[in-house]
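Here is how names work: the chains are called A, B, and so on, in the same order as the sequence lines, proteins then strands, and each is numbered from 1.
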2 protein chains.
Amino acid sequence: MSAASQQERRREKRAQVQRTILDATETLLLEGVDSFSIRRLVERCGYTAPTIYHHFKDKEGLLDTLLDERFSRLGDKIRRIPQGDDPVSYLRAVALAFVRFGIRNPNHYQLLFVRDPDQAPPPTVDAARVQLETVWVELWDAGRLRTGDRESAAQSLWSLCHGLISGRIHRQDADWSKTLIEDSIDAMLRGLIAPPAKRTRRRKKDA
Amino acid sequence: MSAASQQERRREKRAQVQRTILDATETLLLEGVDSFSIRRLVERCGYTAPTIYHHFKDKEGLLDTLLDERFSRLGDKIRRIPQGDDPVSYLRAVALAFVRFGIRNPNHYQLLFVRDPDQAPPPTVDAARVQLETVWVELWDAGRLRTGDRESAAQSLWSLCHGLISGRIHRQDADWSKTLIEDSIDAMLRGLIAPPAKRTRRRKKDA
DNA sequence: GGACCACTGTAACGCCGTTAGATAGACTGA
DNA sequence: TCAGTCTATCTAACGGCGTTACAGTGGTCC
């Protein structure tokens, strides 16, 4: 067998070991952020600590890899939302997707957004953010933003989403209103964005 | 000297020791949530670990005591805000006070709202919440809430405040809009609450 | 065969929260 | 006054954590 195939096989083996470690990490994480520790991971995945440190920089690095994987799925999902005619319903859909994701993946969300401040968001999430940016610019140019500052409009919606998720995560017991997520996002959008000027020629389909 | 006075003196001594421990805790906490540990507190305050555990149940209990003190100040501040004529500007003032407090006391805020979900908020904060409740009821009865659910209106504003603070805490580096806090609270209130019905007899002073 | 390299293991280090048990001193009642 | 009790404090340890120095092992390459 050729040297190239040997190398190939080694790479595969390596990837497979890392996969095993990552999967065990994932499993452990699903039992709660606090359930995860390197020692427990060691018990669970069959490898010893130095092996894990051989494949990943440290605990942080291991979790980063996992989060990148998971959040890139969110990024894809958001990027696949059709932009359509109406920027407001587009923003609504994105915000809803984001909040639902955060609530469904509380442990991952916490790790990503509640850890060290110098932690950069994964590229796919950042890409989604950039994509949103253009929508806000569009609304600003159309004179539809009620805030004096374009930045503050985007950040307002983001802050609300973060608050919704983080409230749900940290106070699971509280009796949150069933319609809270939709209601609050709608209210925020109403408050931020004025309806389009009346004098547009063509009629819009109700999206 | 009387037995009563002896007891009194002992109580004072006890209170003073606890004060010392709490103050050292506070100092340590101001250096960051992560800077705080019982071992470091022990180095700092001159007492040994068992002494601390003699006066406080455990780490959690110690922090609880400190947070109760600190947050009761917030509760007082909020309860002192004049309710005035206009419920909207009252809600605005309360929300602003809350957010500013959170941003100014990030470590305390984190400890209180980001710890175990079963953690109850201190009584003074809860009192403030109850006081707010009446304002929402009033608005609801006047038919001014745009949400289908009274609960969701209150929770929307709260979620936003939480998001604003927690965003600031976890992404200090990000370039937050200077007007974000006011802008977003105003937007949320605009989106949640309709202007009062026109057919009121008396004119209002512009508050 | 020998040098190199990726991989994995043993055993330890220095943190952490917490506690069992001893000691000292002050108060209490006979 | 003296034994008994209670409070406050200490020394020393336990079990957990993330991490790493170091050794061994088994392949790959010259």
Side-chain angles (χ1 to χ4, degrees), chain A residues 1-25 28-29 31-67 107 110-111 115-116 119, chain B residues 1-25 28-29 31-67 107 110-111 115-116 119:
Chain A
M1 38 194 104
S2 72
S5 132
Q6 286 289 357
Q7 250 188 7
E8 183 67 19
R9 196 169 305 177
R10 240 211 333 236
R11 240 200 309 271
E12 257 176 43
K13 167 72 177 166
R14 184 179 169 83
Q16 179 198 316
V17 170
Q18 294 183 355
R19 191 68 266 149
T20 307
I21 296 174
L22 284 171
D23 286 346
T25 305
L28 218 35
L29 218 51
E31 298 169 20
V33 197
D34 299 334
S35 308
F36 176 77
S37 77
I38 295 286
R39 323 287 282 225
R40 272 195 248 220
L41 174 60
V42 160
E43 283 174 13
R44 194 71 66 101
C45 77
Y47 295 102
T48 55
T51 299
I52 288 160
Y53 282 88
H54 177 74
H55 287 280
F56 300 93
K57 184 176 176 300
D58 55 8
K59 189 187 176 188
E60 205 76 353
L62 169 60
L63 290 174
D64 277 356
T65 313
L66 192 71
L67 292 178
N107 299 305
Q110 271 186 90
L111 281 177
R115 269 185 315 165
D116 305 39
Q119 173 80 358
Chain B
M1 41 192 104
S2 73
S5 132
Q6 288 289 357
Q7 250 188 6
E8 182 68 20
R9 195 169 307 177
R10 242 213 330 237
R11 240 200 309 271
E12 257 175 43
K13 166 74 178 165
R14 185 178 169 84
Q16 178 197 315
V17 170
Q18 295 183 356
R19 192 68 266 151
T20 307
I21 295 174
L22 284 171
D23 286 346
T25 304
L28 219 35
L29 220 51
E31 300 171 17
V33 196
D34 299 332
S35 307
F36 176 77
S37 78
I38 297 284
R39 323 287 281 226
R40 273 193 248 220
L41 173 61
V42 160
E43 283 174 12
R44 195 72 66 100
C45 79
Y47 295 101
T48 57
T51 300
I52 288 161
Y53 283 86
H54 177 73
H55 287 281
F56 300 92
K57 184 177 175 301
D58 54 8
K59 188 186 175 186
E60 205 77 352
L62 169 60
L63 289 174
D64 278 356
T65 313
L66 192 69
L67 291 178
N107 300 306
Q110 273 186 89
L111 281 176
R115 269 185 314 166
D116 304 41
Q119 172 80 1

So L41(A) and L62(A), side-chain contact (heavy atoms from CB on, under 4.5 Å) or not? Walk me through it.
CA-CA 11 Å; L41(A) 174 60; L62(A) 169 60; 3.5 Å; yes
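- Remark: R11(A) is not in phosphate contact with dA6(C), judged by side-chain N or O atoms under 4.0 Å from OP1 or OP2.
- With salt bridges taken as basic N to acidic carboxylate O contacts below 4.0 Å, one links R44(A) and E31(A).
- Where G46(A) and R39(B) meet DNA chain C, the nucleotide closest to each residue was compared, and G46(A) sits on the side nearer the 5' end.
- Residue D58(A) contributes atom CG, which lies 7 Å from atom P of dT20(D) at whole-angstrom precision.
- In this structure, Y53(A) does not reach the dT20(D) phosphate: none of its side-chain N or O atoms is under 4.0 Å from OP1 or OP2.
- Within the structure, every side-chain polar atom (N or O) of R14(B) is placed at least 4.0 Å from both OP1 and OP2 of dT7(D).
- Look at H55(B) and you won't find any side-chain N or O under 4.0 angstrom from OP1 or OP2 of dT7(D).
- Look at S37(B) and you won't find any side-chain N or O under 4.0 angstrom from OP1 or OP2 of dC15(C).
- Remark: T51(B) is not in phosphate contact with dA8(D), judged by side-chain N or O atoms under 4.0 Å from OP1 or OP2.
- Considering only side-chain N and O atoms, H54(B) lies under 4.0 angstrom from the phosphate OP1 or OP2 of dA8(D).
- The shortest distance between the side-chain N/O atoms of T48(A) and the OP1/OP2 oxygens of dT10(C) is not below 4.0 Å.
- When the side-chain nitrogen and oxygen atoms of R40(B) are compared with OP1 and OP2 of dC15(C), none of them lie within a distance under 4.0 Å.
- Between N107(A) and F36(A) the shortest side-chain heavy-atom distance does not fall below 4.5 Å.
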